[in-house]
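For reference, the structure discussed in these notes is given below.
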2 protein chains.
Amino acid sequence: MGKSKAMMALLTKHRSAELPEKPRRTAPNLAKNNSLIGIAYRPGLRAAGTVRNITGNRQIYGEGEDADAFFKVVSGVVRVCTFLSDGRRQIDAFHVSGDVFGLETGKAYSLSAEAVCASTVISYRRSDLARFEESNKALSRQLLFYAMRGLARAQAHSVLLGRRTAIEKVAAFIIDWAAYSPNSNVVTLAMSRQDIADYLGLTIETVSRTFSHLEREAFIEVTTARQITLKDRRGLRDLNN
Amino acid sequence: MGKSKAMMALLTKHRSAELPEKPRRTAPNLAKNNSLIGIAYRPGLRAAGTVRNITGNRQIYGEGEDADAFFKVVSGVVRVCTFLSDGRRQIDAFHVSGDVFGLETGKAYSLSAEAVCASTVISYRRSDLARFEESNKALSRQLLFYAMRGLARAQAHSVLLGRRTAIEKVAAFIIDWAAYSPNSNVVTLAMSRQDIADYLGLTIETVSRTFSHLEREAFIEVTTARQITLKDRRGLRDLNN
DNA sequence: CGAATCTTTGATAAGGATCAACGCGCGTGG
DNA sequence: CCACGCGCGTTGATCCTTATCAAAGATTCG
C-alpha cells in the first residue's frame, strides 16, 4: 500500500507498546454530508478506496512522504501531528470515525498521521480521484466540505493554543471529547497524557496536574487514567466562558 | 453590501485610527492555480464578484453573521480572528493579495475578518456560486485548493502557537512576512504590535522585547516600528531549526 | 504644540516547564 | 501465583519564561 520506509524512526519519545484497545467510541454525527465518500462501504460499487487496518501507535504516513492518497477514518482514532527536530511534537487534530484527513495541495504530506489505537481507515488514491471527479461533481463538493471543516477546527484549535490557560485547555478538551462518548457523562480517552499534552501545547505534568485540579474542584472524577466521569458539565463549560 | 450592524462594538482594546497605509507589499505567487477566482478581474466577463474597499481597522464581517459570501484579497492585508468574551483575541491568519478567506461550511461566520490597513477585496456570494459551479467545475477545484491551503497554514500556525518560544515565534513571523516584501531585506510590517502579539499568542510587551532582543543580537534592525531590516536571515531562520 | 495612541523598557508576579522521585497497573517469567 | 520490571501517570520542589503592572519615550494628527 503506502510507501512506509524507515519512518518509525521519528517516534523516539512517543513510542510505546500497542495499546490494549478499549471499546471504541461511536462516530460523531456527520449528518447527511457524509454520504459520498462513504460509497466505499457499499458492496457492489466499484471500490473507490482501500480499507486498511492500523495497530495502535503505528504511523499511517510521514511528513514529506509522497501524498498519493487521503484517508477516511472508519473506526479508531488517528492523530495528525508535526515533529520539531528537537523532539517537540504538536498534534493538530485527533480524527475519529467519519473524519477525513491527509488532504494536501502539494506533492508531499506536510504532517504525519498515526493511529492512536487500533484503527481502520479507507485510503483514496488521488489519481483515482481524478477519474471519479469527472463523473461525480458531488465528490469535489464533499472534499471541499471536509477541507473547510478541517479549517474551522484548526482555527478553533488556534484560539485554544494561543489564548487559553492550562485549565481552560484541559476543560475544553474534556468537553470536546465527551461529545464522542455514548454515555454522556463517562468519557473514555483513547489517547495518552502525552498525546493530550501535545495536542494542547502543554507538558504531560501540567495535564496531569490539571486533571487532578479539576477533580479536586469536583468538576470531574478521574476513575482511571483513561476514564473520566463528568461531575459538573456546566461548570466545566463555564471555565471557557 | 454586507449586513454590518452594531458589530464594531467588539473592537474595544484593538480599535485605532486608520493606518497611514504604506506602499503595499506584492502578492505571494499563487502560481497558475490562481486563475479561476480571478475571473472577476477580466472586464467583459459577467462579474462573478463585487469589488469592495475597506479602510484600515474596519470589520468586513463578524463572527456569527450570516455567511452569505466569501472573499478574495486584491490589495491590502486582512486579519481573520476570534474574540473571547474577556477581550482576549486570537488572530488566525493575515491574508494578502490573492488569498481567499471567509469560506464556511455552516450558515454563519465562525470568525471575524477585519482590514489591517486600507484594503480591497472581492466578495463572492455563495448563492451566485452555486450557479457558477454547475458550469465551471474548475471553480470547486479552486475553492478546494484554497481551503486546503488554509488548512495547511492553520496547521503550521498551531505548531508555532503550541510548541515555540517567544523568540522562535517572532523570528518565524518576520521570516514569513519577509516573503511578501519586494526588497528581500527590508520588511514592512502592515500590522501593529498588538496584531502580531495576538497572532503569535503573546503579549504586546513580549513581542516588543523580543524585537529588541533580536536587534541586540544583530539578527535584525528595527528601523522604525513598522520597518525591519534583516541583518542575518540565516541566523534568524536557524532559530527555528 | 498638545492630545491620543502606539511602542519600548523596567520591576515584579505568576503560570507552566523542568527536574526528580514515587506509585500504579499490567504483562512476563520464574 | 507471585515477584519483578517497565511504561505510564501522579505529585513535589524549584526554575524560567512570559504575563502583568507601571511609566516613560515615540509617533501621528488635529
Side-chain angles (χ1 to χ4, degrees), chain A residues 11-22 56-57 86-89 116-117 160-171 189-198 200-216 220-228 239, chain B residues 11-22 55-57 84 86-90 116-117 160-170 189-198 200-216 220-228 239:
Chain A
L11 298 173
T12 46
K13 66 180 278 200
H14 301 108
R15 50 94 192 72
S16 84
E18 320 276 283
L19 297 180
E21 201 33 25
K22 302 286 168 52
N57 281 305
D86 58 4
R88 283 179 288 180
R89 184 179 70 158
V116 168
C117 53
L160 209 63
L161 291 173
R163 289 294 179 222
R164 297 289 193 180
T165 65
I167 292 178
E168 292 172 334
K169 286 175 175 180
V170 172
L189 302 175
M191 69 293 288
S192 67
R193 292 288 185 271
Q194 184 68 62
D195 281 338
I196 298 173
D198 289 343
L200 297 176
L202 299 170
T203 59
I204 186 176
E205 292 97 330
T206 298
V207 171
S208 182
R209 267 188 260 273
T210 306
F211 271 112
S212 300
H213 172 82
L214 291 175
E215 185 170 35
R216 253 193 322 277
I220 61 173
E221 185 186 324
V222 184
T223 314
T224 72
R226 296 296 184 104
Q227 186 149 306
I228 311 294
L239 287 177
Chain B
L11 296 175
T12 47
K13 66 180 279 199
H14 300 109
R15 49 99 192 66
S16 84
E18 319 278 282
L19 295 180
E21 200 36 23
K22 302 284 170 48
T55 57
N57 282 307
L84 301 188
D86 59 3
R88 284 179 287 180
R89 184 178 69 158
Q90 177 64 46
V116 169
C117 52
L160 209 62
L161 291 172
R163 289 294 180 223
R164 296 289 193 181
T165 65
I167 292 178
E168 292 171 333
K169 285 175 176 179
V170 172
L189 301 176
M191 68 293 288
S192 68
R193 293 286 185 274
Q194 184 67 62
D195 281 339
I196 298 173
D198 288 343
L200 297 176
L202 299 171
T203 60
I204 186 175
E205 293 96 331
T206 299
V207 171
S208 182
R209 268 187 258 272
T210 306
F211 270 112
S212 301
H213 172 83
L214 290 174
E215 185 170 35
R216 251 192 325 276
I220 62 173
E221 185 186 325
V222 183
T223 314
T224 73
R226 296 297 183 104
Q227 185 149 305
I228 310 295
L239 288 177

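Just so it is clear: chains get the letters A, B, ... in the order the sequence lines come, proteins before strands, and each one is counted from 1.
Rounded to whole Å, atom C1' of C:dT7 lies 13 Å from atom CD of B:Glu215. One atom, CG of A:Leu200, and another, C1' of C:dG16, lie 13 Å apart when rounded to the nearest Å. At whole-Å resolution of the value, CG in A:Asp86 and P in C:dA17 are 15 Å apart. Between the P atom of D:dA19 and the NZ atom of B:Lys169 lies a distance of 7 Å, rounded to the nearest Å. If you take CD of A:Gln194 and C1' of C:dA17, they are 13 Å apart, rounded to a whole angstrom. If you take CG of B:Asp198 and C1' of D:dA19, they are 14 Å apart, rounded to a whole angstrom. Separating the CD1 atom of B:Ile167 from the P atom of D:dT18 is a distance of 7 Å, rounded to the nearest angstrom. One atom, CZ of B:Arg216, and another, P of C:dT8, lie 12 Å apart when rounded to the nearest Å.
In the set D:dT18, C:dG16, C:dT7, the nucleotide with an atom closest to the side chain of B:Ser192 is C:dT7. Out of C:dT7, C:dA17, D:dT10, the shortest distance to the side chain of A:Arg193 is found at D:dT10. The side chain of B:Thr203 lies closest to D:dA19 when the candidates are D:dA19, D:dT18, C:dT18.
Shown here are the side-chain hydrogen bond (donor to acceptor under 3.5 Å, both in side chains) partners of B:Thr223, two or more places apart in sequence or in another chain: B:Thr229. Legend: residues meeting side-chain hydrogen bond (donor to acceptor under 3.5 Å, both in side chains) with A:Ser208, ordered by chain and number and at least two apart, are absent. Residues passing the side-chain hydrogen bond (donor to acceptor under 3.5 Å, both in side chains) test with A:Glu221, sequence neighbours excluded: A:Lys231. Shown here are the side chain to side chain contact (heavy atoms under 4.5 Å, CB included) partners of A:Arg193, two or more places apart in sequence or in another chain: A:Leu189, A:Ile196, A:Ile204, A:Val207, A:Phe211, A:Val222, A:Ala225.
Using a 4.5 Å cut-off on side-chain heavy atoms (C-beta onward), B:Leu239 and B:Leu214 make contact.
Residues of residues 204-214 of chain B that place a heavy atom closer than 4.0 Å to DNA chain D, in numerical order, are B:Glu205, B:Thr206, B:Arg209.
Summary of helix geometry: the two end axes of the helix from C:dC1-D:dG30 to C:dG30-D:dC1, each defined by five base pairs via their C1' atoms, are inclined to each other by 30° (rounded to 10°).
A close approach under 4.0 Å does occur between a side-chain nitrogen or oxygen of A:Arg226 and OP1 or OP2 of D:dG9.
Note that OG1 of B:Thr206 is 12.5 Å distant from NE2 of B:His213, once rounded to the nearest 0.5 Å.
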Show every donor-acceptor pair shorter than 3.5 Å between a side-chain atom in residues 162-170 of chain A and any protein atom, with sequence neighbours excluded, or say none if there are none.
unit_1	atom_1	unit_2	atom_2	d
A:Arg163	NE	B:Arg89	O	2.8
A:Arg163	NH1	B:Leu202	O	3.2
A:Arg163	NH2	B:Ala197	O	3.1
A:Arg163	NH2	B:Asp198	OD1	2.7
A:Arg163	NH2	B:Leu202	O	2.7
A:Thr165	OG1	A:Glu168	N	3.3
A:Glu168	OE1	A:Thr165	N	2.9
A:Glu168	OE1	B:Arg88	NH1	3.0
A:Glu168	OE1	B:Arg88	NH2	3.4
A:Glu168	OE2	B:Arg88	NH2	2.8
A:Lys169	NZ	A:Leu200	O	2.9

Contact letters for nucleotides 21-26 of chain C, in which S counts primed atoms plus P, OP1 and OP2 and B counts the base, heavy atoms under 4.0 Å
------

